[in-house]
Amino acid sequence: MKKTMLMAAVASVSVTAAYAGEEPVLNVYNWSDYIAEDTIQKFEEATGIKVNYDVYDSNEVLEAKMLTGNSGYDVVVPTSDFLQRQIAAGAYQKLDKSKLPNLANMDAELMQGAEVYDPGNEYSVIYMWGTTGIGYNVQAIADRLGEDYEVNSWELVFDPEIVAKLADCGVTMLDAPSEMIPAAMNYLGLDPRSTDAADLEAGAALLEKVRPSIRYFHSSQYINDLANGDICVSVGWSGDVFQAMARAEEAENGVEVGYVIPKEGALQWFDMMAIPVDAPHPDNALKFINFIMDAQITADITNYVWYANGNAASMPLVDEEITSDPGIFPTEEAKARLWGSKVYDARTDRLITRLWTRIKTGQ
Ligand code: N2P
């Protein structure tokens, strides 16, 4: 009898404990090569919360998980246009801003820019932002196009004759249809944000034309390949190309990597931290998002991954080498030629997926 009462008492204590707080676990799903080496460890030490950290390199992969639900993730980092579509589908929960005091560190202008996708910044906070431009091996280009050739145009990958001269040293593109097709449209002089089927078809036709000169479509492999000199041109994300540059320098392998925002313009995107509607640990998620918005923590990430962030307070702590690089923080002149990601309706999205399959498989 006594024993039973004791067991009941123990059971009720542990139930109370479970209600008082979440288990000290957090499941994060972020882009690959997108965090400093010690960020997770620092968060675990500061909070006692154990982090399971998984990575992806494609918005489509993340979106499939978010729209299916039950991903088990507490914090994810979709790009703003994908985020908007996922918010509309009910995939995220509103942020309890009373638990995010470090929101005061954020750059008001950039957060306002992000409101295009998330009005009132109700569901998301900027993690990092960047551009989709061209990474290249300086010597390999000079060898094939001449010492005087200036890499500053999308012609490097979209002019069939020019890219054919580079095919032997390895040209790669992102496996990101909603970034690659608009870039081709932009090169053709079309509005990269157009959803007109004829414009999208024209962009796709150009990609098909240069397809024989493309070694692969992949969105993370190119970092090491550029760094090792195994490929010579990648349409890639700003920070990733800078990471390739840094890895080559560290390896002292004689490979010099450059990054350019082409003169015709480029996509500027924002990656946003958000909490899935069915996150198992939403309070821990808020703790993590607030931790990331700490000025020093965000500066450490930018200093490691070479991506610009949206945290004004972190700026004085970011290396001068990064803040002064126009490939990472574009000049006003370059900024005027950047375009924002476009949110596609379901019909346009299906068309883009179809065109992309055709481009990749050549059918
Ligand atoms: C990090 C890639 C993040 C940029 N490897 C994609 N929006």
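Residues Val77 and Leu67 do not share a hydrophobic cluster, clusters being chains of Ile/Leu/Val/Met/Phe/Trp/Tyr side chains in contact below 4.5 Å.
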Exercise for the section: With side-chain hydrogen bond (donor to acceptor under 3.5 Å, both in side chains) as the test, would you mind laying out the steps for Tyr34 and Asp240 before giving the verdict? Expected result: CA-CA 9 Å; Tyr34 217 27; Asp240 287 8; over 6 Å; no
Residue pair Asp225, Gln221: steps toward the side-chain hydrogen bond (donor to acceptor under 3.5 Å, both in side chains) verdict = CA-CA 6 Å; Asp225 287 351; Gln221 174 70 30; 3.1 Å; yes
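Side-chain atoms of Ile126 and Met111, non-hydrogen and from C-beta on, do get closer than 4.5 Å to each other. Looking at heavy atoms from C-beta onward, Leu62 lies in side-chain contact with Tyr29 at the 4.5 angstrom threshold. Thr79 is not listed as a side-chain neighbour of Phe270, based on a closest heavy-atom distance of 4.5 Å or more. Side-chain contact between Ser178 and Lys342 is absent, with no heavy-atom pair separated by less than 4.5 Å. Residues Asp271 and Leu83 form no side-chain contact, since every pair of their non-hydrogen atoms from C-beta on lies 4.5 Å or further apart.
A distance-only check finds a donor-acceptor pair linking the side chain of Arg144 to the backbone of Ala140 [under 3.5 Å]. Looking only at distances, a side-chain donor or acceptor of Thr361 sits under 3.5 Å from a matching main-chain atom of Thr357. Side-chain atoms of Thr47 come within 3.5 Å of backbone atoms of Ile49 as a donor-acceptor pair (strictly under, hydrogens ignored). Distance alone, capped at 3.5 Å, places no donor-acceptor pair between the Tyr149 side chain and the Ile141 backbone.
A side-chain donor from one of Ser314 and Asn309 sits under 3.5 Å from a side-chain acceptor of the other. In this structure, a donor-acceptor pair under 3.5 Å is present between the side chains of Tyr73 and Asp54. Gln268 and Thr131 share no side-chain donor-acceptor pair at under 3.5 Å. Judged purely by distance below 3.5 Å, without hydrogens or angles, the side chains of Gln86 and Tyr92 pair a donor atom with an acceptor atom. Ser219 and Asp175 are not linked by any side-chain donor-acceptor pair at a separation below 3.5 angstrom, with hydrogens and angles left out of the test.
Thr302 pairs in a side-chain contact (heavy atoms from CB on, under 4.5 Å) with only one of the listed residues (Ile322, Asn311, Ile328), which is Ile322. For the ring pair (Phe, Tyr, Trp, His ring centres under 6.0 Å) with Trp31, the lone residue among Trp237, Tyr307, Tyr127 that qualifies is Trp237.
Here CD of Gln296 is found 11.5 Å from CG of Asn105. Values are rounded to the nearest 0.5 Å. Atom CG of Leu156 and atom NZ of Lys165 lie 11.0 Å apart (nearest 0.5 Å). Taken from CZ in Arg247 to CG in Asn224, the straight-line distance is 4.5 Å, to the nearest 0.5 Å.
A 6.0 Å sphere centred on CG of Asp345 holds more than 12 heavy atoms belonging to other residues, nucleotides or ligands. More than 12 heavy atoms of other residues, nucleotides or ligands shown are found within 6.0 angstrom of NZ on Lys97.
For Arg211 against Lys360, the heavy-atom pair with the smallest separation is NH2-O, 3.1 Å. Shortest non-hydrogen contact noted between Arg215 and Ala167 is NH2-O, 4.0 Å.
Side-chain rings of Trp356 and Phe217 approach one another, their centers coming within less than 6.0 Å.
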